[in-house]
Structure formats: structure tokens, C-alpha cells
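Only one structure is covered here, and it is reproduced in the block below.
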Amino acid sequence: MKEKVLEFITVIRESFIGSVTVYTMGSCYWFYLILKQVFPEAEAYTNNQHIISKIGDSFYDIRGEVSEEDVDGFYIPFIMNIPSLALIL
């Protein structure tokens, strides 16, 4: 599963110049939605500044797999009614 997720992320990342900037500086939620279309089990997590996707036991963003050290204690499940949603989107 992890290999398929990473291959798909690579295709998106390499599809246009600036994809990393786009999907880390304001469109990370939309990137999660793209992943969710292909991997329906994807769950969104946030640190109130960025959204990453949990698929299986791993976390991802446009750069690839997000390390456990970067997730633990910083990211929580994303709930649509978080007041700071406007800051993320």
C-alpha cells in the first residue's frame, strides 16, 4: 500500500512546477481530497497550519511520507468545524 501511495504522490508532485509550494502553502486540504479519491480510507490530520493524510499506518503530504517524529504530539484528526480552518484553506 505504502508504495502505491508514494508512487501516486510522486506523479502529482511531478505534474507541474510549484506543486510542493501549492500543496504546502494553502492547498494541503485539497491535496488530502485528491488522495481520498484514490485511497478512500485516507483520514485528514492537522496541526492547525497544515493538513496531512493518514493512509493505513502512515502519514503523507505532497513531499511524501511524513515521519512519526513530525506527527506525534503535533497532529490531531482534522474536524471540519475547527475555527482555524480558514487559516489552513
Side-chain angles (χ1 to χ4, degrees):
M1 169 71 82
K2 186 184 291 191
E3 186 176 315
K4 288 184 179 189
V5 174
L6 290 172
E7 286 175 8
F8 185 71
I9 289 172
T10 299
V11 168
I12 294 172
R13 187 176 55 243
E14 293 177 354
S15 68
F16 66 96
I17 296 171
S19 63
V20 172
T21 301
V22 167
Y23 291 122
T24 59
M25 304 296 244
S27 294
C28 49
Y29 177 73
W30 302 112
F31 184 69
Y32 154 73
L33 290 178
I34 292 168
L35 290 177
K36 186 143 182 81
Q37 286 295 311
V38 177
F39 305 98
E41 68 276 19
E43 301 172 41
Y45 278 69
T46 185
N47 64 0
N48 286 329
Q49 294 179 355
H50 186 49
I51 291 177
I52 60 175
S53 301
K54 182 178 182 186
I55 303 171
D57 293 329
S58 299
F59 293 87
Y60 305 91
D61 71 4
I62 189 65
R63 296 167 289 204
E65 188 171 2
V66 179
S67 72
E68 289 286 332
E69 296 82 32
D70 289 338
V71 174
D72 287 344
F74 298 103
Y75 283 86
I76 60 171
F78 178 74
I79 300 169
M80 286 301 291
N81 63 358
I82 293 176
S84 60
L85 175 61
L87 298 175
I88 298 170
L89 301 177

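All values below were derived from every heavy atom in this structure, side-chain atoms included, with hydrogens, water molecules and symmetry-related copies excluded.
- Ring orientation note: the planes of His50 and Tyr75 are nearly perpendicular, at an angle over 60° on the 30°/60° scale.
- Each salt bridge (charged side-chain N to carboxylate O under 4.0 Å, His left out) pair with one or both residues in residues 28-52, not counting sequence neighbours, would appear here, but there are none.
- Rounded to the nearest 0.5 angstrom, Asn48 CG and Ile76 CD1 are separated by 6.0 Å.
- Hydrophobic cluster membership is shared by Val20 and Leu6, with clusters built from Ile, Leu, Val, Met, Phe, Trp and Tyr side chains linked at under 4.5 angstrom.
- Hydrophobic cluster membership is shared by Phe16 and Ile62, with clusters built from Ile, Leu, Val, Met, Phe, Trp and Tyr side chains linked at under 4.5 angstrom.
- Under a hydrophobic-cluster definition in which Ile, Leu, Val, Met, Phe, Trp and Tyr are linked whenever side-chain heavy atoms come within less than 4.5 Å, directly or via other members, Val66 and Val5 are assigned to different clusters.
- The nearest pair of heavy atoms linking Ala42 to Ile55 is CB-CG1, 3.7 Å.
- From Ile9, atom CD1 reaches atom OG of Ser19 across 11.0 Å, with rounding to the nearest 0.5 Å.
- Pairs passing the salt bridge (charged side-chain N to carboxylate O under 4.0 Å, His left out) check and including a residue from residues 59-76, sequence neighbours excluded, read Lys2-Glu65, Asp61-Arg63.
- Residue pairs that meet the side chain to side chain donor-acceptor pair (under 3.5 Å) test with at least one member in residues 5-18, sequence neighbours left out, are Thr10-Arg13.
- Tyr32 meets the side chain to side chain donor-acceptor pair (under 3.5 Å) test with no other residue; sequence neighbours excluded.
- Grouping Ile, Leu, Val, Met, Phe, Trp and Tyr residues whose side-chain heavy atoms lie under 4.5 Å apart, directly or via other members, leaves Ile17 alone, with no other cluster members.
- By the ring pair (Phe, Tyr, Trp, His ring centres under 6.0 Å) test, Phe31 pairs with Tyr23, sequence neighbours left out.
- Across all their heavy atoms, Lys54 and Asp57 have their closest contact at CE-CA, 4.4 Å.
- Every residue meeting the ring pair (Phe, Tyr, Trp, His ring centres under 6.0 Å) condition with Tyr45, not counting sequence neighbours, appears here in chain and number order: Phe59.
- Ile51 and Cys28 get closest at one heavy-atom pair: N-SG, 3.3 Å.
- The side chain to side chain contact (heavy atoms under 4.5 Å, CB included) test applied to Phe8 returns Ile12, Ile34, Leu35, Val38, Phe39, not counting sequence neighbours.
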